[in-house]
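Written below as structure tokens is the structure these notes are about.
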2 protein chains.
Amino acid sequence: MASLKDNSAERQEKKEILRRYIEEKGLKSTVQRDLITDTFLKAKTHLSLEELLREVRKKNPRIGYATVYRTMKLLTECGIAVERNFGDGQTRYEPIPESHHDHLICTGCGKILEFEDERIERLQYEVARERNFKVKSHKLELYGLCLECQKKEKRT
Amino acid sequence: MASLKDNSAERQEKKEILRRYIEEKGLKSTVQRDLITDTFLKAKTHLSLEELLREVRKKNPRIGYATVYRTMKLLTECGIAVERNFGDGQTRYEPIPESHHDHLICTGCGKILEFEDERIERLQYEVARERNFKVKSHKLELYGLCLECQKKEKRT
DNA sequence: TAGATCTTGATTTCGATTCTCACTTTTGAT
DNA sequence: ATCAAAAGTGAGAATCGAAATCAAGATCTA
Ligand SMILES: [Mn+2]
Ligand SMILES: [Mn+2]
Ligand SMILES: [Zn+2]
Ligand SMILES: [Zn+2]
């Protein structure tokens with residue numbers, strides 16, 4: 001019974017992290033930040049700012065887009081969100097995952113699949129070590145077509 | 001005696017590819033295109049447009065930067081250059097290599113090392129296959145510090 | 001050499017993101 | 001509750017890399 005994807009506990013944890021960060025830094029909590037944070041944590045992941053703003057404005061149409069930019073930067077700073085750039089010229093955000101993962105991106109429909117492969121991770125570090133490189137982060141993205149888009153392509 | 005890095009033969013091949021492409025498409029060859037292409041093929045690799053333009057203008061200060069953008073797009077189209085994006089907000093270009101490679105990027109000094117690892121490549125395709133994904137391209141970048149920058153860091 | 005076609009370079013436009021600033025909200029102290 | 005200091009907001013301007021526009025120039029072919 002462990003996977004009904006009820007992430008409300010996780011959401012609470014993340015909001016708590018933000019609360020502490022705001023307190024530490026002498027920042028202020030605002031209705032805008034609360035709304036944006038909630039919307040972000042509940043929404044589908046890998047959201048662009050435009051998508052997030054649209055979602056947020058359903059609840060409060062007066063939110064300015066600068067505020068969404070600023071809030072996402074804040075969430076990234078305090079470590080509950082991660083920025084992603086999949087080469088379409090728009091930064092996307094996802095809630096920071098428990099463990100690292102990489103991405104398969106369908107260039108047909110934009111679908112994004114996540115994967116984790118310990119063997120690849122190990123080999124990356126091996127390659128870096130051989131070159132005296134100290135890896136801080138990495139980016140592995142596979143671009144291609146998902147099954148549905150492969151079928152669509154054949155029909156053409 | 002196989003590695004004096006005299007790539008003039010390679011350069012000629014690439015220029016020949018461009019010549020054919022220009023002919024096929026009914027384009028015209030111009031002094032600007034020749035100069036930009038030569039400069040690009042001779043320069044250090046992973047050049048940003050700004051860097052390339054600077055180099056080009058040493059020979060001909062009247063070259064406009066739109067021409068450099070257009071020419072690099074052309075070289076990419078005809079398959080003698082590849083675009084790279086290492087997350088610093090500037091597209092970089094390198095002459096298309098004989099075989100695929102990935103990159104280690106030093107976030108300290110900007111140095112870029114290239115590597116090839118057949119094992120990683122294989123695993124990537126395995127991961128994709130398991131998910132019914134047809135990979136068209138991929139991007140693997142390791143960000144971190146080169147040895148020199150690690151030393152500099154310690155001194156701080 | 002003419003003339004159709006393509007190319008150029010200066011400039012404008014674009015789209016994503018950041019900045020600016022007058023006005024508002026939060027917060028902690030009275 | 002009231003106040004003042006500090007931080008946050010939203011609208012619009014500024015920025016930056018890249019792409020589009022367009023009048024003037026170069027190329028190529030018949
Ligand atoms: Mn993800
Ligand atoms: Mn390279
Ligand atoms: Zn798809
Ligand atoms: Zn370095």
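For the numbers below, each heavy atom of this structure counts, side chains included, while hydrogens, waters and symmetry mates do not. Here the structure is a predicted model, which means the values were calculated and not measured. Throughout, a chain's letter reflects where its sequence line sits, starting with A, and its residues are numbered from 1.
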A:Glu126/B:Arg119 ion pair, N-O < 4.0 Å: yes
Sub-4.0 Å heavy-atom contacts from residues 27-60 of chain B onto DNA chain D, ordered by number: B:Lys28, B:Ser29
Salt bridge present between B:Asp38 and B:Lys15 (N-O < 4.0 angstrom): yes
With a 3.5 Å cut-off and sequence neighbours excluded, list the donor-acceptor pairs that the side chains of residues 76-85 of chain B form with protein atoms.
residue, atom, partner, partner atom, Å
B:Thr76, OG1, B:Met72, O, 2.7
B:Glu77, OE1, B:Tyr21, OH, 2.7
B:Arg84, NE, B:Glu94, OE2, 2.6
B:Arg84, NH2, B:Glu94, OE2, 2.9

Nearest-angstrom distance from the residue atom CD1 of B:Ile22 to P of D:dT29: 13 Å
Those residues of residues 68-91 of chain A lying under 4.0 Å from DNA chain D by at least one heavy atom: A:Arg70
Verdict with supporting geometry, B:Glu141 and B:Lys139, salt bridge (Lys or Arg N to Asp or Glu O under 4.0 Å): CA-CA 6 Å; B:Glu141 288 153 14; B:Lys139 177 176 227 188; 3.8 Å; yes
Separation of C:dT17 P from A:Tyr65 OH (nearest whole Å): 11 Å
Test salt bridge (Lys or Arg N to Asp or Glu O under 4.0 Å) applied to A:Arg20 and A:Glu23, step by step: CA-CA 5 Å; A:Arg20 277 197 298 266; A:Glu23 195 184 326; over 6 Å; no
Separation of D:dG12 P from A:Arg62 CZ (nearest whole Å): 13 Å
A:Tyr143 (side chain) donor-acceptor with A:Phe86 (main chain) under 3.5 angstrom: yes
Value in whole Å for how far the P atom of D:dG17 lies from OH of B:Tyr93: 14 Å
Rounded distance in Å - NZ (A:Lys25) to P (D:dG8): 12 Å
Short side-chain to backbone donor-acceptor contact, B:Glu51 and B:Ser48, under 3.5 Å: yes
For B:Arg92 against B:Asp88, the heavy-atom pair lying closest together: NH2-OD2, 3.1 Å
